[in-house]
Amino acid sequence: IPVVVGGPYVTYMDMDVLKECSSIDIVIRRDFEEALLEIIKNYPNLLNIKGITYRIGKRIKRNDGCLQLDYIPEISENVLKRYFTLILDRYRDKNIDGLHYIVSSSRGCCYNCSFCIDPKFWCNVRYRNIENLLIELDVLNKHKRIIKDRVIDFFDASLTSNRERLENIVNETKKRC
């Protein structure tokens with residue numbers, strides 16, 4: 001079974017991590033969704049998987065590339081319903097009737113502040129297709145009978161960078177939730 005790691009540190013230090021830690025087999029740089037699925041489907045054939053660094057015998061190979069944000073598959077209604085039920089059941093005795101749900105409509109940032117990791121880590125800014133985002137919100141809204149109180153948190157460095165896009169997201173979210 002290969003050991004796969006990801007995150008900001010290993011994204012920038014991928015070669016060093018693999019050289020220094022022989023127990024790690026594969027580093028996923030930046031986005032993990034597509035790469036992890038491809039690793040699961042194709043292991044040990046990793047040659048065409050974008051955004052990973054891995055071992056081939058004693059050599060280390062680095063594949064270029066970034067995920068297109070619309071590739072992230074629509075969330076399964078059954079998986080989301082099961083998630084809600086498991087979370088709420090787990091915390092029901094703690095007087096928690098709500099759910100804090102995190103949504104992302106983009107990755108990265110359109111600015112290039114010297115103190116910030118976002119544009120470098122996420123390959124600049126990439127926007128998620130709004131329809132794909134709204135499908136996720138529709139699934140959340142469809143199961144509101146399971147969740148009495150819910151908070152939807154947009155985890156987005158660039159949510160306000162495009163006013164027209166933001167207004168569209170806000171208006172459509174208000175209609176659905």
Side-chain angles (χ1 to χ4, degrees), residues 1-87 99-112 116-140 142-143 152-159 161-162 165 169:
I1 298 174
V3 174
V4 181
V5 298
Y9 178 78
V10 295
T11 290
Y12 293 108
M13 304 300 290
D14 56 326
M15 301 295 274
D16 294 328
V17 166
L18 288 173
K19 286 176 190 170
E20 292 177 24
C21 187
S22 61
S23 62
I24 295 175
D25 302 300
I26 304 167
V27 170
I28 299 177
R29 301 183 321 274
R30 297 179 177 86
D31 303 295
F32 69 90
E33 294 91 348
E34 181 180 14
L36 186 58
L37 287 173
E38 291 300 315
I39 290 166
I40 292 167
K41 285 189 226 172
N42 297 301
Y43 187 81
N45 181 9
L46 305 174
L47 187 62
N48 296 316
I49 301 174
K50 293 179 181 179
I52 65 170
T53 308
Y54 58 98
R55 297 177 194 288
I56 300 178
K58 294 187 185 238
R59 291 184 321 124
I60 296 174
K61 170 85 169 103
R62 191 170 207 265
N63 296 354
D64 290 330
C66 266
L67 172 73
Q68 293 302 313
L69 209 49
D70 287 339
Y71 175 83
I72 299 170
E74 295 171 9
I75 193 159
S76 161
E77 183 173 337
N78 291 334
V79 169
L80 193 55
K81 184 177 179 179
R82 181 159 165 71
Y83 169 76
F84 293 155
T85 303
L86 287 171
I87 294 296
L99 179 74
H100 187 130
Y101 191 75
I102 298 173
V103 177
S104 180
S105 75
S106 69
R107 286 190 181 157
C109 183
C110 53
Y111 304 105
N112 197 17
C116 186
I117 194 173
D118 263 13
K120 295 159 193 75
F121 184 78
W122 294 116
C123 304
N124 299 315
V125 67
R126 291 168 296 141
Y127 295 101
R128 183 175 174 192
N129 178 291
I130 292 176
E131 284 305 312
N132 183 282
L133 171 71
L134 295 174
I135 288 168
E136 187 172 343
L137 294 177
D138 286 342
V139 171
L140 178 67
K142 186 174 181 179
H143 296 289
I152 299 172
D153 182 6
F154 281 84
F155 187 74
D156 255 292
S158 296
L159 184 63
S161 65
N162 179 322
R165 178 182 168 77
I169 290 171

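What you see below is based on every heavy atom in this structure, not just the backbone, and it leaves out hydrogens, waters and symmetry mates. This chain uses plain numbering: 1 for the first residue, then up along the sequence.
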Qualifying residues under side-chain contact (heavy atoms from CB on, under 4.5 Å), relative to Asn48, sequence neighbours excluded: none

Pair Leu18-Arg55, side chain to side chain contact (heavy atoms under 4.5 Å, CB included): steps then yes or no: CA-CA 8 Å; Leu18 288 173; Arg55 297 177 194 288; 4.0 Å; yes

Gap separating the OG atom of Ser158 from the OH atom of Tyr111, nearest 0.5 angstrom: 8.0 Å

Determine whether Ile28 and Val4 make a side-chain contact, defined as any pair of heavy atoms from C-beta on separated by less than 4.5 Å. yes

If you measure from CG on Asn129 to CD1 on Ile135, what distance do you get to the nearest 0.5 Å? 8.0 Å

Ion pair present between Asp31 and Arg126, side-chain N to carboxylate O less than 4.0 angstrom? yes

Using a 4.5 Å cut-off on heavy atoms from C-beta on, say whether the side chain of Leu134 contacts that of Ile169. no

With distance as the sole criterion, is a donor-acceptor pair present between the side chains of Arg29 and Thr53 under 3.5 Å? yes

Check Lys50 against Gly65 and note the closest heavy-atom contact, atom names and distance. CB-CA, 4.0 Å

Is the closest basic N to carboxylate O distance between Asp14 and Arg62 below 4.0 Å? yes

Are the side chains of Ile39 and Tyr54 in contact, using a 4.5 Å heavy-atom criterion? no

Just by distance, do the side chain of Thr11 and the backbone of Arg30 share a donor-acceptor pair under 3.5 Å? yes

Any side-chain heavy atom of Ser105 within less than 4.5 Å of one from Ile130? no

Between CZ on residue Arg59 and NZ on residue Lys61, distance to nearest 0.5 Å: 8.0 Å

Checking Arg128 side chain against Ser104 main chain: does a donor-acceptor pair fall under 3.5 Å? yes

Using every non-hydrogen atom in the two residues, find where Met13 and Asp16 come nearest and quote the distance to one decimal. CE-OD2, 2.9 Å

Between Asp156 and Ser106, is any pair of side-chain heavy atoms under 4.5 Å apart? yes

Side chain to side chain contact (heavy atoms under 4.5 Å, CB included) between Phe32 and Ile52: does it pass, once the steps are laid out? CA-CA 9 Å; Phe32 69 90; Ile52 65 170; over 6 Å; no

Answer whether the closest heavy-atom distance between the side chains of Ile49 and Tyr43 falls below 4.5 Å. no

